Structure formats: C-alpha cells, structure tokens
Amino acid sequence: MIVPNAAPARMSEDERHAVSAAVESVLAADRWILGKAVQQFEEQFSHYLGFGSTVGVANGTDALVVAFGALELPVGSRVLVAANEGGYAAVACRLAGLEPVAMDVDELTMLPTSATAEAALRDSVCAIVVTHLHGEATDISELDQWRRAKGIALIEDCAQAAGARTNGNHLGFNADATTFSFYPTKNLAAVGDAGAVVFADATAAARARQLREYGWGERFRAELQGGRNSRLDELHAAVLLARLPYLDARNERRRAISARYRDAAAPLHLHGDAASTVAHHSVILSDQRSGLAAYLEQRGVSTAVHYPHLLQEMPGLGLVAPAATPVASRQRERKLSLPCFPELEESEIAHVVESLEEWHATAAAATAL
Ligand SMILES: *Cc1c(COP(=O)(O)O)cnc(C)c1O
C-alpha cells in the first residue's frame with residue numbers, strides 16, 4: 001500500500017460537485033478577473049473569520065508582500081521572522097525591500113515568543129511575522145502585547161492554519177494583517193495558486209486593493225509605489241467560496257487523524273496541541289528521524305520534512321549576521337511529517353498507525369539487545 005503525504009485531487013463526492021458547479025458558473029459569467037466571485041469570497045471570508053477586510057491576491061507569498069506594502073513598512077527596515085518558517089516570509093521581505101531577521105522559537109509550540117523576539121531585536125525592526133507553522137493555533141497574546149509596547153506591526157501568516165481558533169477567535173484577531181495561501185495542499189485550497197490578506201484597518205485594505213492591481217488609483221494611473229499584478233482569479237474565488245463551508249469539518253477530520261497518530265506515536269512526541277491545532281501537518285519528533293523515515297518509506301508511507309533548512313542556511317535569503325536559534329536548529333533535525341489530510345482512507349490511516357507501532361517494536365527489540 002502506498003499512502004501519499006498529500007493528495008489534493010481527492011475530494012468527497014459532495015465537495016467535488018460543489019467545485020465543478022463553481023467552475024461552470026465562472027465559465028458562464030462574462031467576467032473572469034475581479035468580478036462577483038472575488039467580491040463574494042472576500043465578504044464571506046471576513047464573515048467566516050469574524051473580523052477584518054479580506055483582499056484576495058494571487059498566492060500566499062504575494063499576500064505577505066502586499067501586507068508589508070499596505071502597512072507602509074519603510075523600505076530598508078527590518079522584519080522579525082521565525083528561523084523555522086521555511087523561507088516564505090523571508091522571501092516576501094526581500095521582495096518588498098525589507099531585511100528579514102531570524103528569531104528562535106518555543107520548544108513546545110514551535111512559534112516565536114516575546115522572549116525569542118526580544119533576543120533577536122535590532123535597530124529599525126518595524127514588524128514581526130508570526131507563522132502558525134503546521135496549523136498550530138497558539139495564543140500569542142503575550143507576544144502581541146510585547147510588540148504593541150514596541151510599536152511593531154504584527155503580521156500573522158496563517159497559510160497553514162485556515163480555520164484555526166484560539167479562545168474562540170480565529171487566528172489573526174489581534175494582527176494588523178493576516179495572510180493566507182490557498183495552494184492546493186493547504187487546509188482551504190484552490191485548484192491552483194491563490195491567496196488572501198485580511199486587514200484590521202479598512203484603509204490598509206484599500207491600499208492593498210490598489211497594490212494588487214499595478215498600484216492604480218483610477219484605472220490606468222499608478223498612484224502607489226510597489227504595485228504589481230497579484231489579483232485573485234474569479235475561478236479560484238468561486239472554488240474557494242464553494243469549499244469554505246467544508247473547511248471546519250475537514251479540519252476536524254485532520255485533528256482526528258493526527259490524534260490516531262498521537263496514540264500510536266507514543267513514546268515518540270507528536271507535535272501540536274491536540275485540541276486547537278488544525279493539523280496542516282502531523283509532525284512527529286524523533287531522534288532517529290532518518291531511520292524512521294526510511295522504515296516508513298519502505299512500508300509505502302510517504303513522509304516529508306517541513307522544513308529542512310533554517311532561514312540563515314538559505315543563501316538566497318541573504319541573512320546578515322544571524323544569531324543562533326538553538327531550538328529551531330535542533331527541531332529541524334528531528335521533525336517528520338506523516339500523511340495527514342481529510343480524504344485519507346480508513347485503511348491508509350490504519351496502515352500508518354500499524355507501521356508506527358511496528359517501528360516501536362523493532363526499535364525496542366534493538367535496544368534490548
Ligand atoms: C504555502 C505557504 C506560503 C506561501 O504560499 P504560496 O501560495 O505558495 O505563495 C507562505 N507561508 C506559509 C507558512 C506557507 O505554508
């Protein structure tokens with residue numbers, strides 16, 4: 001049996017019908033760019049979140065770039081970014097003419113805290129990006145207070161955490177901007193590249209609408225610097241509208257699958273708060289990662305590492321004099337993502353569970369020798 005790590009084309013019958021109907025509705029409409037579907041999705045998504053003005057963009061990286069621009073972060077200033085975030089926010093910083101500064105993360109949540117942010121703080125830091133890695137719905141109110149006291153903007157990257165709530169609020173409640181990617185494997189997914197950024201402030205949202213379309217004020221007149229073409233397509237907006245009602249149930253399913261692994265994984269640690277994560281990844285931590293990965297691969301269980309390289313290890317990001325990030329460094333050696341998506345078959349989940357249990361039995365036998 002081969003169990004894929006992700007399989008975005010698998011959809012329930014019901015959801016596939018909804019998506020097909022959405023695609024047909026776009027084909028039948030007379031406007032394929034910035035029409036009714038985009039407007040409706042933006043309204044519905046803000047309604048679903050319970051806050052903010054949503055601006056649809058072409059992908060999750062642009063969502064970050066447009067957020068930086070619309071929040072008017074001064075070009076040349078610095079942005080705190082978690083060392084383990086995979087490089088997405090750091091790439092977006094570079095695109096916006098900002099300098100990413102790596103910070104370490106908390107052992108348990110894998111997210112930055114006020115202490116790790118404080119340790120990485122330098123001159124001319126104007127913003128912090130909190131990436132809710134693996135779908136972790138951690139309460140960041142302490143970090144939020146810290147950054148408010150410093151006058152630093154907060155951007156929450158929820159590309160992996162659509163639908164995640166903390167204390168009853170969707171993530172991003174306290175942020176200046178919250179960004180999403182709807183890449184096909186994300187918790188809320190389009191049938192190609194798509195993204196959105198949600199602003200607390202309607203004026204910033206209005207600037208973002210200009211920035212995503214060449215910086216235009218009136219049509220054909222670039223008014224803002226930093227404009228680009230990063231519109232959300234009608235096609236993707238219609239698909240996202242059709243899929244939004246399925247998001248909570250699909251996240252519940254991810255949580256349930258991850259819970260099965262949690263039981264099977266003991267005594268290994270499975271990352272994430274069981275109650276609040278939306279389990280974008282189901283991440284196991286093991287000192288024998290490569291052995292475990294090889295064992296699972298041999299049994300047809302596809303695994304992945306999210307992410308193998310820290311920001312300061314990627315030459316393309318050009319980090320200047322990075323400080324040490326011991327927690328992120330150590331975790332990067334131990335992480336392994338198991339197959340975790342809502343459409344996994346019961347037999348596939350059972351096969352992963354069984355394989356984990358067998359690994360333990362083998363490892364225990366080896367230790368006893
Ligand atoms: C996927 C992802 C992005 C980038 O989104 P794209 O749509 O691929 O540009 C940014 N941040 C995080 C945390 C992601 O997982």
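Along the sequence shown, residues are numbered consecutively beginning with 1. Note that ligands are numbered from 1 as they come in the structure, with each ligand's atoms numbered from 1 the same way. Just so you know, these numbers use all the heavy atoms, side chains as well, and skip hydrogens, waters and symmetry mates. All values derive from a computational prediction rather than experimental measurement.
Distances between N or O atoms of D157 and those of ligand 1 include at least one value under 3.5 Å. For ligand 1, the polar-atom distance check finds an N/O of Q160 within less than 3.5 Å of one of the ligand's N/O atoms. Inclusion of G60 in the set of residues having an N or O under 3.5 Å from an N or O of ligand 1 is warranted.
Ranked by closest heavy atom to atom 5 (O) of ligand 1, the top entry among A159, A161, S181 is S181.
Between E99 and R94 no salt bridge is recorded (no basic side-chain N to carboxylate O distance below 4.0 Å).
Using a 4.5 Å heavy-atom cutoff, the side chains of T61 and V91 are in contact.
The closest approach between any non-hydrogen atom of K186 and ligand 1 is below 4.0 Å.
For the side chain to side chain contact (heavy atoms under 4.5 Å, CB included) with D104, the lone residue among T325, L310, T113 that qualifies is T325.
Counting heavy atoms under 4.0 Å from ligand 1, residue T61 touches it through both backbone and side chain. When heavy-atom distances to ligand 1 are checked against a 4.0 Å cut-off, T131 comes that close only through its side chain, counted from C-beta outward.
Remark: K186 qualifies as a cation-pi partner of Y88 under the 6.0 Å distance and 45° angle criteria applied to the six-membered ring.
For the residue pair D144 and S141, no side-chain donor N or O sits within less than 3.5 Å of a side-chain acceptor on the partner.
The distance from ligand 1 to the heavy atoms of N59 drops below 4.0 Å at these ligand atoms: 7 (O), 9 (O).
For F51 and F199, the distance between ring centers is not under 6.0 angstrom.
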